[in-house]
Participant: 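Got a structure for you, written out below as structure tokens; questions coming shortly.
By convention in this document, chain letters (A, B, ...) are assigned in the order of the sequence lines, proteins followed by strands, and residues within each chain are numbered from 1.
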Protein chains: 2
Amino acid sequence: MATGRTHRPATRSRGIPEATVARLPLYLRALTALSERSVPTVSSEELAAAAGVNSAKLRKDFSYLGSYGTRGVGYDVEYLVYQISRELGLTQDWPVVIVGIGNLGAALANYGGFASRGFRVAALIDADPQMAGKPVAGIPVQHTDELEKIIDDDGVSIGVIATPAGAAQQVCDRLVAAGVTSILNFAPTVLNVPEGVDVRKVDLSIELQILAFHEQRKAGEEAAADGVVPPAVARKQRPTDQGPDGDVPAVMPA
Amino acid sequence: MATGRTHRPATRSRGIPEATVARLPLYLRALTALSERSVPTVSSEELAAAAGVNSAKLRKDFSYLGSYGTRGVGYDVEYLVYQISRELGLTQDWPVVIVGIGNLGAALANYGGFASRGFRVAALIDADPQMAGKPVAGIPVQHTDELEKIIDDDGVSIGVIATPAGAAQQVCDRLVAAGVTSILNFAPTVLNVPEGVDVRKVDLSIELQILAFHEQRKAGEEAAADGVVPPAVARKQRPTDQGPDGDVPAVMPA
DNA sequence: ATGTCTTTGTGAACGCGTGCACAAAGATGG
DNA sequence: CCATCTTTGTGCACGCGTTCACAAAGACAT
Ligand SMILES: NC(=O)c1ccc[n+]([C@@H]2O[C@H](COP(=O)([O-])OP(=O)(O)OC[C@H]3O[C@@H](n4cnc5c(N)ncnc54)[C@H](O)[C@@H]3O)[C@@H](O)[C@H]2O)c1
Ligand SMILES: NC(=O)c1ccc[n+]([C@@H]2O[C@H](COP(=O)([O-])OP(=O)(O)OC[C@H]3O[C@@H](n4cnc5c(N)ncnc54)[C@H](O)[C@@H]3O)[C@@H](O)[C@H]2O)c1
């Protein structure tokens, strides 16, 4: 027993449900677009459509932030942009370190959407000595040895891990020990962190597998009821499949 | 009204809850690692620890697949790997197209974890004529004009969008029209798709904003400990802060 | 003012997901 | 064959999240 893992207090963030927090950036994005078009106000219905959610859900989400709407009119775009930005902590500047400047790390470093919302790349860090000093996206890569100093000097509290899976936990431990309390993990590993440290993961492989599951399901349903073809597509042929194997436990991927 | 968007039947995937499906890849990864170490069996407790979940949850998840465990012993690793792989549709080969071979698209193309579980990069597609023919990760980039033909020829049903946000919906429409029914979207936009098409999104910016929210909350609670400081403002020191800039409500991001 | 019309904010019901706790199943040893 | 011990599989309760549906709030016209 005693998995030694984090207990999720989950939803108790001083009132605002976690699910709502996860949608606020979505609303903010839609609102920012409206703001750029100088649209003064939006109704919950319009904004919900733009954000791809149910309008009742959106209204309830906003109700957690306060009563910022005007009945019969809608929400003031600028005001709402400010309120959400403030709630998300985007009115301040968040220095971020990226660890592991390989294919993905470099892409992240080059990503413009980073800086656009108050996230500043404070440093790029890699263990490879040959990369030290080499500029990526205009920022010189620094060696892992400097990690603690950088985090301390810049007051970095958010770290991005883009190292191979094998190094991720180790890197994570160092980040946490140095003072980082929020981690965005791209490596396909479960990270162990002490209480109080937030970890979010982005896992391409998992996303694809979930898609594959549904894809297979669609194909299966279609085959099942040939009388009623579900609106999907009615695929002419299947992905690849029907190969000579198909039942052999050809599992054991790398 | 009539947002014109998809109705999510969500959880009704012939018994298996969506939340369970999302965890299966996690279990599979842990099991694969055990398999490589030639571990014959695992208990739900051990496997749950490795996957970072509650053991009861794991057992319940597996119960949706059938009764594959042995009481008093645990689960047979190889057998479970096979069962989960089959359930996820990984015993077959899924050709995938990546559209938008920029920083991110190239990183994805180079990503080894792609092929490792039955996902095969069928084609790399970009609108830039200058990229046509140029090999990325050993695969020549093809022009967008070829998109429909490629999808049709290879029976591609999964597409990855890594274009700028402005082009994403357009690309999505073409993919769907050509027969793709599952999309993994990296562009920061809400995609509109017809019923029967699955979309999953990976949004770096949203993840960071969620982290920032919690980070701000932590800082607020910490401050509130001594006096009562309204958690929003009045920070003593913040991540970076105290810099020459850093206090201007630099809201209104791009 | 008064009435009408639009849109918010939310009470309430429902369904999904989670985790506890335990009975049953089976292994293992004597 | 029986006793004991381990671990699964699941019934059950609870809480979160979603959605409906509507009263109240306010804009706007007359
Ligand atoms: N490339 C992708 O599209 C992609 C997609 C999803 C997930 N991932 C994951 O992201 C991670 C990085 O992928 P990649 O393709 O960029 O790999 P990569 O091999 O190109 O880059 C890894 C980098 O990490 C550095 N590194 C290794 N150990 C380190 C350590 N201890 N400290 C600091 N730096 C260290 C290496 O020097 C290298 O530069 C992997 O875990 C991969 O599974 C990548
Ligand atoms: N780079 C990152 O780390 C990162 C992170 C998160 C999200 N994103 C998002 O991923 C997307 C790509 O990011 P990037 O950094 O690779 O951008 P990029 O500009 O480097 O690459 C975009 C590529 O898409 C191609 N393209 C443009 N329009 C196209 C079309 N209609 N059809 C096909 N190809 C087209 C361009 O030619 C270019 O090669 C963006 O939406 C970005 O917001 C990137």
Participant: Apply the test side-chain hydrogen bond (donor to acceptor under 3.5 Å, both in side chains) to residues B:T32 and B:E36: give CA-CA distance (whole Å), side-chain angles for both, the deciding distance (0.1 Å), then the verdict.
Facilitator: CA-CA 6 Å; B:T32 302; B:E36 280 168 2; over 6 Å; no
Participant: Using the 3.5 Å cut-off, write out each protein N or O paired with an N or O of nucleotides 6-8 of chain D and the distance between them.
Facilitator:
residue : atom : partner : partner atom : Å
D:dT7   : O4'  : B:G72   : N            : 2.9
D:dT8   : OP1  : B:S44   : N            : 2.5
D:dT8   : OP2  : B:S44   : OG           : 2.6
D:dT8   : O2   : B:R71   : NH1          : 3.0

Participant: Expressed in angstrom and rounded to an integer, what is the separation of B:D76 atom CG from C:dG26 atom C1'?
Facilitator: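 That distance rounds to 16 Å.
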Participant: Report the distance from atom CZ of B:F62 to atom P of D:dG9, rounded to the nearest whole Å.
Facilitator: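 These atoms are roughly 10 Å apart.
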Participant: Side chain of A:P17 only, heavy atoms from C-beta on: which candidate in D:dT18, C:dA21, D:dG17 is closest?
Facilitator: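 Between D:dT18, C:dA21, D:dG17, the one nearest the side chain of A:P17 would be D:dG17.
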Participant: Output the rounded distance in Å from NZ (B:K57) to P (D:dC12).
Facilitator: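 My rounded result for the distance is 22 Å.
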Participant: Which pairs, with at least one residue in residues 16-45 of chain A and sequence neighbours excluded, count as a ring pair (Phe, Tyr, Trp, His ring centres under 6.0 Å)?
Facilitator: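 Ring pair (Phe, Tyr, Trp, His ring centres under 6.0 Å) check on residues 16-45 of chain A returns A:Y27-A:F62.
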Participant: My understanding is that only residues two or more places apart in sequence, or in another chain, count here; which of them pass side chain to side chain contact (heavy atoms under 4.5 Å, CB included) with B:D76?
Facilitator: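 With neighbours one apart ignored, the set is B:E78, B:Y79.
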Participant: Calculate the interatomic distance between B:E18 atom CD and C:dT18 atom C1'; express it in whole Å.
Facilitator: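 It works out to 16 Å between those atoms.
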Participant: Output the rounded distance in Å from CG (B:L65) to C1' (D:dG9).
Facilitator: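 Those two atoms, CG and C1', are 13 Å apart.
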Participant: How close or far is atom P of D:dT18 from atom CG of A:L58, stated in whole angstroms?
Facilitator: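 About 12 Å, once rounded to whole Å.
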Participant: Check side-chain hydrogen bond (donor to acceptor under 3.5 Å, both in side chains) between A:T163 and all other residues, then give those that pass, not counting sequence neighbours.
Facilitator: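 Residues passing side-chain hydrogen bond (donor to acceptor under 3.5 Å, both in side chains) with A:T163: none at all.
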Participant: List in chain and number order the residues that pass salt bridge (charged side-chain N to carboxylate O under 4.0 Å, His left out) with B:R59, two or more places apart in sequence or in another chain; answer none if no residue qualifies.
Facilitator: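 With sequence neighbours excluded, B:R59 shows a salt bridge (charged side-chain N to carboxylate O under 4.0 Å, His left out) to no residue whatsoever.
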Participant: Could you state the NZ-P distance from B:K60 to C:dG17, rounded to the nearest angstrom?
Facilitator: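 For the pair B:K60 NZ and C:dG17 P, the rounded distance is 12 Å.
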Participant: With sequence neighbours excluded, what pairs up with B:N54 under the side-chain hydrogen bond (donor to acceptor under 3.5 Å, both in side chains) test?
Facilitator: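 B:N54: no side-chain hydrogen bond (donor to acceptor under 3.5 Å, both in side chains) contacts found.
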Participant: Grab the CG-C1' distance between B:N54 and D:dG15 for me, whole Å please.
Facilitator: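 Nearest whole value for this atom pair: 15 Å.
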